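Following: one structure in structure tokens, then a few remarks.
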Amino acid sequence: MPATTLRILLGILLLFTITLTATAQNQELQLAREYYNKGDYAKAEELYSKLIDQPRLFQAVYPDYLKVLLAQRNYKEAEKLVKKTTKRYPDMPNYQVDLGRVYQASGNKAGAEKHFDKMLEQLKAEQVIAVASAFMQNDLFDYAEKTYLRGRALSNNPLEYNRPLIALYSYRQKNTSLIPEILNLLQADENELGYVQNMLQNSMREEKNLDELEKELILRVQQNPDKLAYNELLIWLYIQRKDFYGALMQARAVDKRTRSGGTRVMELGAISLKNDDYQGAIEAYEYIVKEYPEGPYYFIARQRLINAREEQVQNTFPVDSDKIRALVADYEAILNEVGRSAQTVEVLQHMAGLYAFYLDDREKAIELLQEAIAMPRANPDMVAEAKLTLGDIYLLKGEPWESTLLYSQVEKTHKETTIGHEAKLRNARLNYYKGDFELAQAHLDILKLATSREIANDAMDLSLLITDNTGLDTSTVAMEEYAAIDLLEFQNKLTEAINALDAMLKKYPGHSLTDEIYFKKANIYERMGQFEQAVENLNKIVSNPQYDILSDDALYRMAYIYEENLKDKEKAQGLYNDLLVKHQGSIYLAEARKRFRKLRGDSVN
């Protein structure tokens, strides 16, 4: 046989042998894994101990082999394996960390700490990321932190490894360490404000952490008056805590230093008004009117200032008619100053609402709204709002067909917009008032998906009210009576509504509507300024465990009335505390906590 042919045959034979060997080894590796997964560690160890010396399989065998040895408490063999591996791969920190893990598993805590500390002592700048990652992969977070801090010391840069430390502190909820670390980043680069806010929002969940952040921020604002990012972060913090007044104070302070035109203050005024912080909104708009009489926000600030006072008066019970007339006079003053034009359509709409709902002059209200609707070049959205208000006034007059005509017009002209959804919601309510629950639900089912959270929530609330009180009862008579009373309340026929609710309690004892009836009575008594009667009805809900759905609503409202109207601060504080303890998922939690802390005497600004 020629030599060349022989060499080829031997080569083929060698390749075949290698392939067979590799296949056999792969099969053994698969079998070892099966033994390991079944918990048969002895058989798994026997196979792994043979396969570990195969360079091709080392990376696949090593992790499971170490786990098998530790599972069998064979610490001597595990230590031997890891030490051999670290000599083989001296630049791989994962294996060095494994040695410390073996010491920990064997109960040699001191040995593990000594080993880890030695790793940190010998740490080189270029190894920091790899070593810290190795510690984190093994849940050794304290040593990961020490690694970054050691790397920082080696670099002589106080901001080195800032982001990895922020991520680590955030993940571990180590807020005491996170706060100075993240504020140092902001001090170095104010453009990092968005990142800082995101990290804090994910981490700061407890009140004590927010207190700590607030104290540190106030200190830094005082020490670094030119770092506006600190002020912006403090404003953001106050908004998170729903302390809109505190946010406003900061916004005003920044604006006075920068003379930036009041944009931030205007934003805070809008946020305050949306969250029913009327006084905060009033002070924001007063600031703009005083500081920027020639500025671009002057007219809108004057108008929003009256809007805020209007909402404050409307939600201070009983509503003071003299204050309503003063608001009308303020709106008239704006009209006299700037004239009746497309820019004042919203003013006309607000005046009409005051005339119709509080001064009982519906004809004057209709006249003003018709003027607004016919105004040349008026903003279509403002015209739509005026039509909605006009529809409400026709409902006040007992002319629902005129109301639904106007609502439907707005629905058609403003499809898939917030105003169009509001029109659909009012049509749904109108059908509900009439007792046509099926048609009302058809509207509400669509509105539950509305982009506006407020409209979607209102739709959901009304939908649940209908389904909860008609679904299990073939008769809808009680629900129809209750809906008719809702209309009486809307029409300001408050005494008539109270009498009708009392009649329902007698007529339908134990009905599913009972808690709703008590809650509505309380709301009406509050509007009438009869606060003791309001509390009495709310207490019937709070004291009865069957009324759990409205329990937190009633408890919060009781506390509010004791604080704001009955001036019994001690009682209010106790009720807010009850809410915090008993209803930890309540939507009133943040506001109740703020009010409780204020009554307790905490510094909340």
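Just so you know, residue 1 is the first one in the sequence shown, and it goes up from there. Predicted model only: the values in this text are computed from it and were never measured.
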Margin query: I'd like to know whether Asp320 forms a side chain to side chain donor-acceptor pair (under 3.5 Å) with Tyr358, so could you lay out the CA-CA distance, the side-chain angles of the two residues, the decisive distance to 0.1 Å, and finally the verdict.
Written below: CA-CA 9 Å; Asp320 188 328; Tyr358 297 98; over 6 Å; no

Which side-chain N or O atoms in residues 552-560 pair as donor and acceptor under 3.5 Å with protein atoms at least two apart or in another chain?
{"from": "Asp552", "atom 1": "OD2", "to": "Ser586", "atom 2": "OG", "distance (Å)": "2.8"}
{"from": "Asp553", "atom 1": "OD2", "to": "Tyr588", "atom 2": "OH", "distance (Å)": "2.8"}
{"from": "Arg557", "atom 1": "NE", "to": "Glu526", "atom 2": "OE1", "distance (Å)": "3.1"}
{"from": "Arg557", "atom 1": "NE", "to": "Glu526", "atom 2": "OE2", "distance (Å)": "3.3"}
{"from": "Arg557", "atom 1": "NH2", "to": "Glu526", "atom 2": "OE2", "distance (Å)": "2.6"}

Notebook entry, point to check: Going through the checks in order, is the salt bridge (Lys or Arg N to Asp or Glu O under 4.0 Å) test met by Asp276 and Lys242?
Noted result: CA-CA 11 Å; Asp276 303 333; Lys242 296 189 178 297; over 6 Å; no

Check: Just by distance, do the side chain of Asn544 and the backbone of Lys540 share a donor-acceptor pair under 3.5 Å?
Finding: no

Check: Is the ring centre of Tyr278 less than 6.0 Å from the ring centre of Phe244?
Finding: no

Next item on the list: Take Tyr285 and Asn307, measure what side chain to side chain donor-acceptor pair (under 3.5 Å) needs, and give me the verdict at the end.
Entry: CA-CA 10 Å; Tyr285 297 129; Asn307 294 161; over 6 Å; no

Margin query: For Val542 versus Ser551, what's the shortest heavy-atom pair and its separation?
Written below: CG2-O, 4.1 Å

Notebook entry, point to check: Does any N or O in the side chain of Lys567 come within less than 3.5 Å of the main-chain N or O of Glu564, such that one atom is a donor and the other an acceptor?
Noted result: yes

Margin query: Looking only at the side chains, is there a donor atom on one of Thr263 and Tyr297 sitting less than 3.5 Å from an acceptor on the other?
Written below: yes

Check: How many angstroms lie between atom OG1 of Thr476 and atom CD1 of Ile466, to the nearest 0.5 angstrom?
Finding: 11.0 Å

Next item on the list: Return yes if a side-chain donor-acceptor contact under 3.5 Å exists between Tyr238 and Glu214, otherwise no.
Entry: yes

Item checked: Results of ring pair (Phe, Tyr, Trp, His ring centres under 6.0 Å) for Tyr508 - residues two or more places apart only -> His511

Item checked: Sidechain N-carboxylate O distance under 4.0 Å for Lys290, Glu286 -> no

Notebook entry, point to check: Under 6.0 Å from the CD atom of Glu416, do we count more than 12 heavy atoms belonging to anything else shown?
Noted result: no

Notebook entry, point to check: So which heavy atom on Glu563 is nearest to which on Tyr576, and how close?
Noted result: OE1-OH, 2.6 Å

Notebook entry, point to check: Any idea which heavy atoms bring Ser403 and Gly391 closest together, and the distance?
Noted result: OG-O, 2.6 Å

Next item on the list: Decide whether Asn492 and Arg527 meet the rule of one side-chain donor and one side-chain acceptor closer than 3.5 Å.
Entry: yes

Checklist line | Leu513 CG to Phe519 CZ distance, which is reported to the nearest 0.5 Å | finding: 14.5 Å

Check: Which pairs, with at least one residue in residues 442-451 and sequence neighbours excluded, count as a side-chain hydrogen bond (donor to acceptor under 3.5 Å, both in side chains)?
Finding: Asp445-Lys448, Lys448-Ser463

Check: Which atom names give the shortest non-hydrogen contact between Leu388 and Arg426, and what distance separates them?
Finding: O-NH1, 3.4 Å

Note to self: Do Asp468 and Ser512 have side chains that approach each other closer than 4.5 Å (heavy atoms only, starting at C-beta)?
What the structure shows: no

Check: Does Leu501 offer a backbone N or O that forms a donor-acceptor pair with the side chain of Lys520 under 3.5 Å?
Finding: no

Check: Do the non-hydrogen side-chain atoms of Val196 and Leu233 ever get within less than 4.5 Å of each other?
Finding: yes

Next item on the list: Please report the shortest heavy-atom distance between Ala534 and Tyr525, naming the atom on each side.
Entry: N-CB, 3.8 Å

Item checked: Rounded distance (nearest 0.5 Å) linking atom CG of Asn499 with atom CE of Met504 -> 14.0 Å

Note to self: Could you tell me if the side chain of Leu354 sits less than 4.5 Å from the side chain of Gln314, heavy atoms only?
What the structure shows: yes

Check: Got a salt bridge between Lys434 and Asp436, using NZ or NE/NH1/NH2 to carboxylate O under 4.0 Å?
Finding: no

Next item on the list: Starting at OH of Tyr547, measure out to CG of Leu538 and round the result to the nearest 0.5 Å.
Entry: 13.0 Å

Next item on the list: Write down the atom of Leu430, the atom of Leu395, and the distance for their closest heavy-atom approach.
Entry: CD1-CD1, 3.4 Å

Next item on the list: Report yes if the side chains of Leu268 and Ile239 come closer than 4.5 Å at any heavy-atom pair, otherwise no.
Entry: yes

Item checked: Arg597 and Asp243 ion-paired at < 4.0 Å -> no

Margin query: Quick one: does any side-chain atom of Thr404 pair with a main-chain N or O of Pro400 as donor and acceptor, under 3.5 Å?
Written below: no

Notebook entry, point to check: Do any pairs count as a salt bridge (charged side-chain N to carboxylate O under 4.0 Å, His left out) and have a residue in residues 507-516, sequence neighbours left out, and if so which ones?
Noted result: Glu481-Lys507

Check: Any side-chain heavy atom of Met351 sitting closer than 4.5 Å to one from Lys364?
Finding: no

Notebook entry, point to check: Taking atom NE2 of His414 and atom NZ of Lys424, what is their separation to the nearest 0.5 Å?
Noted result: 14.5 Å

Check: Do the charged groups of Lys582 and Asp548 touch, with an N to O distance under 4.0 Å?
Finding: no

Next item on the list: For the residue pair Ser452 and Glu454, confirm or rule out a side-chain donor-acceptor distance under 3.5 Å.
Entry: no

Next item on the list: Go through the structure and list residues passing side-chain contact (heavy atoms from CB on, under 4.5 Å) with Lys397, not counting sequence neighbours.
Entry: Arg362, Glu363, Ile366, Tyr394, Glu399

Checklist line | Short side-chain donor-acceptor distance under 3.5 Å, Glu212 and Asn175 | finding: no

Next item on the list: Would you confirm whether Asn469, through its side chain, and Leu465, through its main-chain N or O, come within 3.5 Å as a donor-acceptor pair?
Entry: yes

Item checked: Test item: Tyr292 side-chain N/O and Gly261 main-chain N/O as donor-acceptor pair under 3.5 Å -> yes

Note to self: Test your reading of the model: is there a side-chain donor-acceptor pair from Asp486 to the backbone of Tyr482, 3.5 Å cut-off?
What the structure shows: no

Scan the side chains in residues 323-330 for donor-acceptor partners under 3.5 Å anywhere in the protein, sequence neighbours excluded, and list what turns up.
{"from": "Arg325", "atom 1": "NH1", "to": "Asp322", "atom 2": "OD1", "distance (Å)": "3.4"}

Checklist line | Polar side chain donor-acceptor pair, Gln197 to Gln201, under 3.5 angstrom | finding: no

Check: Should the pair Arg264-Glu232 be classified as a salt bridge under the 4.0 Å nitrogen-to-oxygen rule?
Finding: yes

Next item on the list: Check the side chains of Ser170 and Asn202 for a donor-acceptor pair under 3.5 angstrom, ignoring hydrogens and angles.
Entry: no

Next item on the list: Please tell me if the side chains of Leu589 and His583 come closer than 4.5 Å, counting only heavy atoms from C-beta onward.
Entry: no

Note to self: Rounded to the nearest 0.5 Å, what separates atom OG1 in Thr514 from atom CG in Leu550?
What the structure shows: 11.5 Å

Check: Below 4.0 angstrom, N of the basic side chain to O of the carboxylate: do Glu346 and Arg304 qualify?
Finding: yes

